[in-house]
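Report on one structure; see the data block that follows.
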2 protein chains.
Amino acid sequence: MKLSTKGKYALYTMVYLGQKAGDGPQSLKGITQNILLPENYIEQLLGSLRRAGLVKTVRGAQGGYELAKSAEEITVGDIFDATEGKLSLSDCIADDAVPCPKSSSCPTRGVWEYLTASINKLFNSISLKDMLENNMKEI
Amino acid sequence: MKLSTKGKYALYTMVYLGQKAGDGPQSLKGITQNILLPENYIEQLLGSLRRAGLVKTVRGAQGGYELAKSAEEITVGDIFDATEGKLSLSDCIADDAVPCPKSSSCPTRGVWEYLTASINKLFNSISLKDMLENNMKEI
DNA sequence: GTAATCCCGATTGATTTTGTCGGGTTTAGG
DNA sequence: CCTAAACCCGACAAAATCAATCGGGATTAC
């Protein structure tokens, strides 16, 4: 079980924007020169983050990206959802899943639901602020 | 973020073997006719489960697969580890990772460690017995 | 007007996933 | 001993996904 690089890169990007919060919009070029990741790829991720309402953009010259809300209001779960798509351990409980014919009797269904809920709760319990302050130990 | 079908199929298979515990070895053909998954593919997964010490096999005619230990002693984490490989949200903290040059200052490192530990704990907290008895609610 | 910058869809190469296949080995039962 | 049932295993292949790359369009500060 792995996370794709999207979630990982998006987290790096958001941490960087968090560090620069209040300093005005950060250009894509500036961001990627700092976090050392492919410019065009990060651009795509920033698009997802924008559409999810996590960053806002200023277009045109001197434009760039910045956090759309405070670091307390953004969670790891928000960032993963925006870039990796909703957590889905088993299709049978995904939002758009066709109902499985044996769903009522399936002995693993409860497990998927429980695991999905637990992991989502975990992801949503960590804010960008926690990361910036390196608060992981006490959570 | 998704689990591959390996972990999912392996869970189905193990639940089936748990239901048949005590009834002697179950043939691959019998297993897959019940859980309705591709025979040759499940065979591969059973190989991984065997090498991980979760199932044991009886070779030759009338042979088959059965749990190698009691359902209490097998966890979801064991099954996922055996079939999907160790949980790895970020390479930088994997066992075989080359140490990242900026590891000490990386603000996301703590997050990966915390998330990985939490999810592993979650996976290890659910036994095959819990699944068989549908005990998820109370965990 | 122009350069800086974001926006976005299409395409591509690499990798991983999800199987399939063929033959080898083991063993119960007659 | 023979045979059929069954596991074992490595190689192969199709499909899907990932990780970018690219080219051009739209917006705006100066």
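Just so it is clear, the model here is predicted, and its values are computed rather than measured. All chains are named by letter (A, B, ...) in the order of the sequence lines, taking the proteins before the strands, and each is independently numbered beginning at 1.
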Describe the nucleic acid contact of [X] in one word from base, sugar-phosphate, nothing, applying a heavy-atom distance below 4.0 Å.
| X | answer |
| --- | --- |
| B:Q26 | sugar-phosphate |
| A:G47 | nothing |
| A:G64 | sugar-phosphate |
| B:L28 | sugar-phosphate |

Tell me: [atom1] of [X] to [atom2] of [N], nearest whole Å?
| X | N | atom1 | atom2 | answer |
| --- | --- | --- | --- | --- |
| B:N40 | C:dG22 | CG | C1' | 10 Å |
| B:R50 | C:dT26 | CZ | C1' | 13 Å |
| A:E39 | D:dG23 | CD | P | 14 Å |
| A:E84 | D:dT17 | CD | C1' | 12 Å |
| B:Y9 | C:dG19 | OH | C1' | 9 Å |
| B:L46 | D:dC7 | CG | P | 8 Å |
| A:L37 | D:dA19 | CG | P | 12 Å |
| A:Y41 | C:dC8 | OH | C1' | 16 Å |

Is any N or O donor-acceptor pair between the side chain of B:E43 and the base of D:dC8 shorter than 3.5 Å?
yes
Side-chain donor or acceptor of A:Q44 under 3.5 Å from a matching atom on the base of D:dT21?
yes
Comparing A:S4 and A:A61 on DNA chain D - which has the more 5′ nearest nucleotide
A:S4
Per A:T57 side chain, nearest of listed nucleotides C:dT20, C:dC6, D:dA29:
C:dC6
Distance-only polar pair, side chains of B:E73 and B:S127, donor-acceptor under 3.5 Å
no
Determine the interplanar angle of the B:F80 and B:F123 rings, folded into 0 to 90°, and report it as parallel if under 30°, tilted if 30 to 60°, perpendicular if over 60°.
perpendicular
Could you pick out which residue, A:R59 or B:T5, lies toward the 5' side of DNA chain C when each is mapped onto its nearest nucleotide?
A:R59
For A:K69, does the NZ atom sit with more than 12 other heavy atoms under 6.0 Å from it, leaving out its own atoms?
yes
Beyond-backbone contact of B:K86 with B:S88, side-chain heavy atoms, under 4.5 angstrom
no
Are the side chains of B:R50 and B:K56 in contact, using a 4.5 Å heavy-atom criterion?
no
